[in-house]
Amino acid sequence: MTQPLRFILVGLGTMGSVWCRQTVPYLTGSLGAEFTAAVDPNEASHRHAIEAGLSPDSCYTDLRSALQQHNADFVISVVPPALHEGIVDLALEFGCDILSEKPIADTLEASCRIFHKVTAAGRKMAVTMSHRFDQDKQTLERLIHSGKYGAVDSIIGRFSADFRRFASWGKFRHEMEYPLLVEGAIHHFDILRSLAGSNPKTLYAKSWKADWGQYSGDSNTMVICEMENGVKTFFEGSKTSAATTNSWSQEYFRAECDKATLELSRREVTARSSLGFPYPELEVIPLAKQTVWTNTWLAELFVDWLRGGSIPPNSLEDNLQCTAMVFAAIESARTGKEIHVPSFLHEYLAAAAE
Ligand SMILES: NC(=O)c1ccc[n+]([C@@H]2O[C@H](COP(=O)([O-])OP(=O)(O)OC[C@H]3O[C@@H](n4cnc5c(N)ncnc54)[C@H](O)[C@@H]3O)[C@@H](O)[C@H]2O)c1
């Protein structure tokens with residue numbers, strides 16, 4: 001019998017507690033992995049891991065101690081973005097693979113360094129882009145790529161919600177420079193890439209803070225991006241709307257295809273066409289079905305990869321593309337210029353390799 005894969009969960013805050021409730025039980029149950037330790041400097045948060053079945057003796061306040069005491073196969077990193085690189089460094093030092101919460105890191109420099117370090121160490125790393133792998137987004141993605149409605153011309157996306165009040169979107173996001181782009185829009189950029197079936201080519205962005213938003217950095221954005229396959233995309237994001245219309249898991253995406261307009265709005269997917277039979281005037285598309293979605297599905301794909309299965313769609317290498325899109329948007333917003341994303345990423349990767 002093969003040994004179960006052993007993992008350490010690092011970070012038991014808002015999202016770490018969600019991992020403990022939703023994904024850890026699936027990892028230890030259906031996937032047969034072993035929850036060997038958990039880490040958070042805030043001891044009060046250890047209860048989340050204990051409630052998920054971990055012994056209090058296996059809860060630590062620093063990762064090095066946990067790695068020294070437990071022979072782990074992989075680390076799940078659920079700490080704020082500025083701390084991701086330190087977790088990766090320690091995981092690699094102890095020969096562990098890494099499943100990390102998005103984004104790869106808080107800067108493109110750090111993201112590229114992580115890419116080189118993981119590659120040089122010959123380890124596996126994937127990034128949990130929960131929203132792209134949610135049921136509603138996957139239904140739209142599969143519908144577009146079924147080819148039933150012809151080629152895609154353009155795709156529009158919207159996130160719009162009231163998170164104006166300080167700490168209403170988690171304190172650290174109200175204190176960072178580009179919270180919407182780094183912590184939010186990275187999900188929507190990843191969704192646009194997957195719907196378009198292509199990586200970004202050229203991008204132009206505006207980024208700002210609405211007067212009434214209690215943020216140090218930019219809470220709003222508008223981004224136009226043309227993908228390498230010619231699909232044009234537009235994204236509007238606001239964390240300071242007076243009313244919440246398209247918040248997390250309720251976003252709006254519309255794909256203009258040759259034969260139909262495909263729309264995802266607050267978890268309902270429709271196809272509309274005025275071209276007549278066989279194209280529907282209005283059809284509500286049933287949501288795709290499978291056992292698990294979001295991070296739980298991504299944990300399953302990651303474990304399968306470690307056991308010799310195929311590389312998952314949210315691998316570190318793939319994720320570098322939407323990370324590049326985020327930082328290209330910041331660069332465009334700062335300079336007022338359109339950014340050629342492949343050259344931009346290439347420049348940062350080369351600098352990080354020196
Ligand atoms: N996919 C999603 O939908 C989603 C949603 C929310 C957050 N996230 C991501 O999850 C990560 C964490 O975000 P959050 O909202 O849970 O933040 P949080 O601030 O609520 O929690 C972070 C936790 O990390 C702990 N921590 C700090 N330094 C640590 C260290 N060196 N070792 C171990 N633990 C440490 C803190 O004590 C805290 O408990 C971020 O990367 C964020 O982008 C993803």
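Both backbone and side-chain heavy atoms feed into the values below; hydrogens, waters and symmetry mates do not. Numbering of ligands and ligand atoms starts at 1, following listing order.
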With no hydrogens and no angle check, is any side-chain donor or acceptor of Thr244 less than 3.5 Å from a backbone partner on Asp162? yes

Tell me if the centroids of the rings in Phe74 and Phe302 come within less than 6.0 Å of each other. yes

Among all protein heavy atoms, pick the one closest to atom 44 (C) of ligand 1 and tell me residue, atom and distance. Glu101 OE1, 3.1 Å

With under 30° as parallel and over 60° as perpendicular, where do the rings of Phe235 and Phe189 fit, or are they tilted in between? perpendicular

Around atom CD of Glu281, are there more than 12 heavy atoms of other residues, nucleotides or ligands at under 6.0 Å? no

Atom 31 (N) of ligand 1: closest protein heavy atom, distance to 0.1 Å, is Ile87 CD1, 4.5 Å

Please list the nearest protein heavy atom to atom 20 (O) of ligand 1 with its residue and the distance rounded to 0.1 Å. Thr14 OG1, 2.7 Å

Report the nearest protein non-hydrogen atom to atom 30 (C) of ligand 1: residue, atom name, distance rounded to 0.1 Å. Pro41 CD, 4.0 Å

Considering heavy atoms of the protein only, find what lies nearest to atom 22 (C) of ligand 1 and give residue, atom and distance to 0.1 Å. Pro80 CD, 3.6 Å

Of Ala105, Gly86, Gly13, Ser249, the residue with the heavy atom nearest atom 21 (O) of ligand 1 is Gly13

In the protein, which heavy atom is nearest to atom 5 (C) of ligand 1, and how far is it? Met15 SD, 3.3 Å

What atoms of ligand 1 come within less than 4.0 Å of a heavy atom belonging to Val10? 32 (N), 33 (C)

Could you establish whether Leu63 and ligand 1 come within less than 4.0 Å of each other, counting only heavy atoms on the residue side? no

List the atom pairs, with distances to 0.1 Å, where a side-chain N or O of residues 337-344 and a protein N or O form a donor-acceptor pair under 3.5 Å, not counting sequence neighbours.
residue	atom	partner	partner atom	Å
His340	ND1	Ser343	N	3.4
His340	ND1	Ser343	OG	2.5

Measure Phe172 to ligand 1 on non-hydrogen atoms and call it side chain, backbone, both or neither using the 4.0 Å cut-off. side chain

Heavy atoms only: which of Asp40, Leu9, Ile8 lies closest to atom 23 (C) of ligand 1? Asp40

Could you label the plane-to-plane angle of the His188 and Trp248 rings as parallel, tilted or perpendicular, counting under 30° as parallel and over 60° as perpendicular? parallel

With backbone taken as N, CA, C and O and side chain as the heavy atoms from C-beta onward, which portion of Met129 lies under 4.0 Å from ligand 1: side chain, backbone, both, or neither? neither

For atom 13 (O) of ligand 1, the option (of His187, Glu183, Arg132, Arg173) bearing the nearest heavy atom: Arg173

Does Asp73 reach the main-chain N or O of Arg6 with its side chain, forming a donor-acceptor pair under 3.5 Å? yes

Considering only the protein, which heavy-atom contact is closest to atom 12 (C) of ligand 1, and what is its distance? Val78 O, 3.4 Å

One finds that the ligand 1 atoms under 4.0 Å from a non-hydrogen atom of Val39 are 33 (C), 34 (N)

Where's the contact between Lys171 and ligand 1, heavy-atom distance under 4.0 Å: side chain, backbone, both or neither? neither

Assess the side chains of Asp62 and Ser65: does a donor N or O sit below 3.5 Å from an acceptor N or O? yes

Any sub-3.5 Å donor-acceptor pair from Ser146's side-chain atoms to Leu143's backbone N or O? yes

Below 4.0 angstrom from a heavy atom of His84, which ligand 1 atoms are there? Numbered from 1 as shown, please. 41 (O)

Testing the basics here: between Ser168 and His174, what is the closest heavy-atom pair and its distance to 0.1 Å? N-NE2, 3.4 Å

Under 4.0 Å from any heavy atom of Leu83, which atoms of ligand 1 are there? 27 (C), 28 (N)

Measure Glu43 to ligand 1 on non-hydrogen atoms and call it side chain, backbone, both or neither using the 4.0 Å cut-off. neither

Closest protein heavy atom (residue, atom, distance) for atom 41 (O) of ligand 1: Lys102 O, 2.8 Å

Looking only at N/O atoms, are Val79 and ligand 1 under 3.5 Å apart anywhere? yes

Numbered atoms of ligand 1 (with element) below 4.0 Å of His131, judged on heavy atoms: 3 (O)

Tell me, with the steps shown, if Ser216 and Glu175 meet side-chain hydrogen bond (donor to acceptor under 3.5 Å, both in side chains). CA-CA 5 Å; Ser216 309; Glu175 294 170 338; over 6 Å; no

Using a strict 4.0 Å cut-off to heavy atoms of Ser130, name the atoms of ligand 1 that fall inside it. 1 (N), 2 (C), 3 (O)

So, for Phe159 and His131, is the gap between ring centers shorter than 6.0 Å? no

Which atom of Phe35 lies closest to which atom of Leu9, heavy atoms considered: CE1-CB, 3.7 Å

Pairs touching residues 217-226 that satisfy side chain to side chain donor-acceptor pair (under 3.5 Å), sequence neighbours left out: Ser207-Asp218, Asn220-Ser238, Asn220-Thr240

